[in-house]
Number of protein chains: 2
Amino acid sequence: MPTYKEIRNVLLDRIKSGEWRPGNLLPPEAELAEEFGSTRVTVNRAMQSLADDGFVERRRKAGTRVVQRTERDALIRIRIVRDEIEQSGRRYNYLLISRGRERPPQRIQAELGASGDLEALHIVCLHFADGRPFQLENRWINLDVVPQAGSESFETISPNEWLLQKVPYSNAEHTFRAATADSEEKEHLDLGPNEPVFVIERTTWLDGRTVTHVMLSHPADDFRIVTRD
Amino acid sequence: MPTYKEIRNVLLDRIKSGEWRPGNLLPPEAELAEEFGSTRVTVNRAMQSLADDGFVERRRKAGTRVVQRTERDALIRIRIVRDEIEQSGRRYNYLLISRGRERPPQRIQAELGASGDLEALHIVCLHFADGRPFQLENRWINLDVVPQAGSESFETISPNEWLLQKVPYSNAEHTFRAATADSEEKEHLDLGPNEPVFVIERTTWLDGRTVTHVMLSHPADDFRIVTRD
DNA sequence: GAGTGGTCTAGACCACTCG
DNA sequence: GAGTGGTCTAGACCACTCA
């Protein structure tokens, strides 16, 4: 009596081995249930899990087909800067550079989904690994959504960690790009002229309202992102 | 009679709203089943789906807890270069620069999981968007795993697309980084001195054997990666 | 209309692991 | 030992959608 996971694995092997090619129709659940000597519910569980992972597409009446992959999903795990540094065995330090209420520039205002003349909390700070600048953080926090941020100094805890404690389950969108360091990045990251930086931008929402927008710049020779699996 | 998806949504709302904070124990399945007027199996389905998505952790006897998020998963969809360019409304062109059997350099040999003096197929080619260089592809193909590649000229089809047709269900690992363009990148991507590039490296396996390793370089001002959801 | 997947219930047994 | 989740079966009804 196979479990749904065992069934899933058998089916996945048939897909990976090419026995069932992209576009092919899989046998209906009832038929597979008979083959495996189990119930249709169990086969259904197995096939749903394959569909969740994007290997097959299912439509009522039309049946289950192997997906033609023209795309590839890559999962990235983004950690708190401090953990990232400490887990690589390096010493972490944090430095607040500036903090104040300001009216964000046009581009940031758009990211914050702002209505007219919103003021936001603007924080610039640095994260060090073994004493060397690792990441420059340039952040805007929407005080309408997280008013408590207005009374936090961020002198000992980075906004990164603070926000995660206050707003644990927000959604986020990330952008990754390469650029030549601008003057602020050069100064704080201790870079020479024409040196490249790796930049992550993240916008975070809760309930459709923008919580924060942040730009994280790294010296290119000390930073890379690797996918998992 | 709520469906498991409806139950899932209610539970997720309680987590997102902070009613159940990270670390909190959720009620046992039997109790929730009573609350929702459904069976334990249905509640189980809902909670498993929350566990799949990383919102809760479940252990027998210990129960189900809201996960403390110190990390954030971001999903990236990597498309075939051609699709990426065409879907942005630009014209795609492809140019093969070189192709030959070679012994890969040390670093690539390690990536290919190579045993001693393996020869691999080395291909360099360019992808254009609206006539401008968009991506330089520098690829090594393991001929032990994909011998058919040895008799493909790659003059009209890029290795990218060819491999996807031949080896649809491999696994991959990606690395993203920023760098200053090297001489080859400067020449083919038409870049000035000291210009940054965004580099994607990908290694692909089938059944634990390395299929291919590729380095994809982009002019930084024309490329970024955005996560989905 | 008929074939396919989507889901539920009721009852059951098992597997793990905490205290 | 006992509480919790993991999973199966048997039967059922429904929802979609293709021909």
Side-chain angles (χ1 to χ4, degrees), chain A residues 1-16 19-69 73 169 229, chain B residues 1-16 19-69 73 169 229:
Chain A
M1 177 184 59
T3 68
Y4 81 88
K5 284 179 184 165
E6 287 164 346
I7 296 178
R8 182 201 140 100
N9 286 340
V10 173
L11 300 180
L12 190 50
D13 279 349
R14 292 186 189 165
I15 291 171
K16 287 196 168 171
E19 182 180 336
W20 291 334
R21 307 276 310 165
N24 286 177
L25 202 55
L26 270 61
E29 295 182 350
E31 197 174 307
L32 289 172
E34 199 177 350
E35 175 191 340
F36 289 110
S38 68
T39 341
R40 191 169 75 79
V41 180
T42 305
V43 172
N44 176 281
R45 193 90 178 69
M47 300 195 48
Q48 278 202 18
S49 117
L50 288 177
D52 281 348
D53 294 350
F55 290 104
V56 299
E57 252 176 8
R58 323 195 73 200
R59 289 218 312 281
R60 285 162 153 137
K61 165 72 181 176
T64 300
R65 279 179 195 283
V66 180
V67 166
Q68 172 66 268
R69 288 215 172 176
D73 285 345
Y169 285 102
D229 286 0
Chain B
M1 179 185 59
T3 68
Y4 82 88
K5 284 178 182 164
E6 287 164 345
I7 295 179
R8 181 201 140 99
N9 285 339
V10 173
L11 300 180
L12 190 52
D13 278 349
R14 291 184 190 167
I15 291 171
K16 286 196 167 172
E19 183 180 337
W20 291 335
R21 306 276 310 166
N24 287 176
L25 201 56
L26 270 61
E29 295 183 350
E31 198 174 308
L32 290 172
E34 199 177 351
E35 175 191 339
F36 289 110
S38 68
T39 341
R40 192 170 74 80
V41 179
T42 305
V43 172
N44 177 280
R45 194 89 179 68
M47 309 244 300
Q48 278 202 17
S49 119
L50 288 176
D52 282 349
D53 294 350
F55 290 104
V56 299
E57 251 176 9
R58 323 194 72 200
R59 288 218 311 282
R60 285 162 153 137
K61 166 71 180 177
T64 300
R65 280 181 193 282
V66 180
V67 166
Q68 173 68 268
R69 289 216 171 175
D73 285 344
Y169 286 102
D229 288 0

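Labels below follow one simple rule: chain letters A, B, ... track the order of the sequence lines, proteins then strands, and each chain is numbered from 1.
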Worksheet, complete the sentence: On DNA chain D, more 5' by nearest nucleotide between A:Thr42 and A:Lys61 is A:Thr42
Worksheet item: Hey, which of these two, B:Gly63 or A:Thr39, hits DNA chain D nearer its 5' end, going by closest nucleotide?
Response: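 Of the two residues, B:Gly63 wins.
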Worksheet item: Contact class for B:Thr3 vs. all strands (heavy atom < 4.0 Å): base, sugar-phosphate, or nothing?
Response: sugar-phosphate
Discussion item. Heavy atoms only, 4.0 Å cut-off, all strands: where does A:Arg59 land among base, sugar-phosphate and nothing?
Written reply: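 Counting heavy atoms under 4.0 Å across all strands, the contact made by A:Arg59 is with sugar-phosphate only.
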Is there a side-chain contact between [X] and [Y] in this structure, where contact means two heavy atoms from C-beta onward sitting under 4.5 Å apart?
X: A:Val67; Y: B:Tyr169; value: yes
X: B:Pro27; Y: B:Trp20; value: yes
X: A:Leu11; Y: A:Met47; value: yes
X: A:Ile7; Y: A:Glu35; value: no

Discussion item. Before you tell me yes or no, could you show the steps for B:Arg8 and B:Asp52 under salt bridge (charged side-chain N to carboxylate O under 4.0 Å, His left out), namely the whole-Å CA-CA distance, both residues' side-chain angles and the distance that decides it to 0.1 Å?
Written reply: CA-CA 12 Å; B:Arg8 181 201 140 99; B:Asp52 282 349; over 6 Å; no
Discussion item. Students should find this one: the first and last nucleotides of DNA chain D, 5' to 3', lying under 4.0 Å from a heavy atom of chain B. What are they?
Written reply: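 Range of nucleotides within reach of chain B: D:dG3 to D:dC8.
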Response to the item:
Taking a pair to mean Watson-Crick or G-U wobble geometry with both distances below 3.5 Å, C:dC8 pairs with D:dG11
Worksheet item: Across all strands, who's sitting opposite C:dC16 as a Watson-Crick or G-U wobble pair, both distances under 3.5 Å?
Response: D:dG3
Worksheet entry | Atom pair CG/CD1 of B:Leu50 and B:Ile15 - distance to nearest 0.5 Å | 5.5 Å
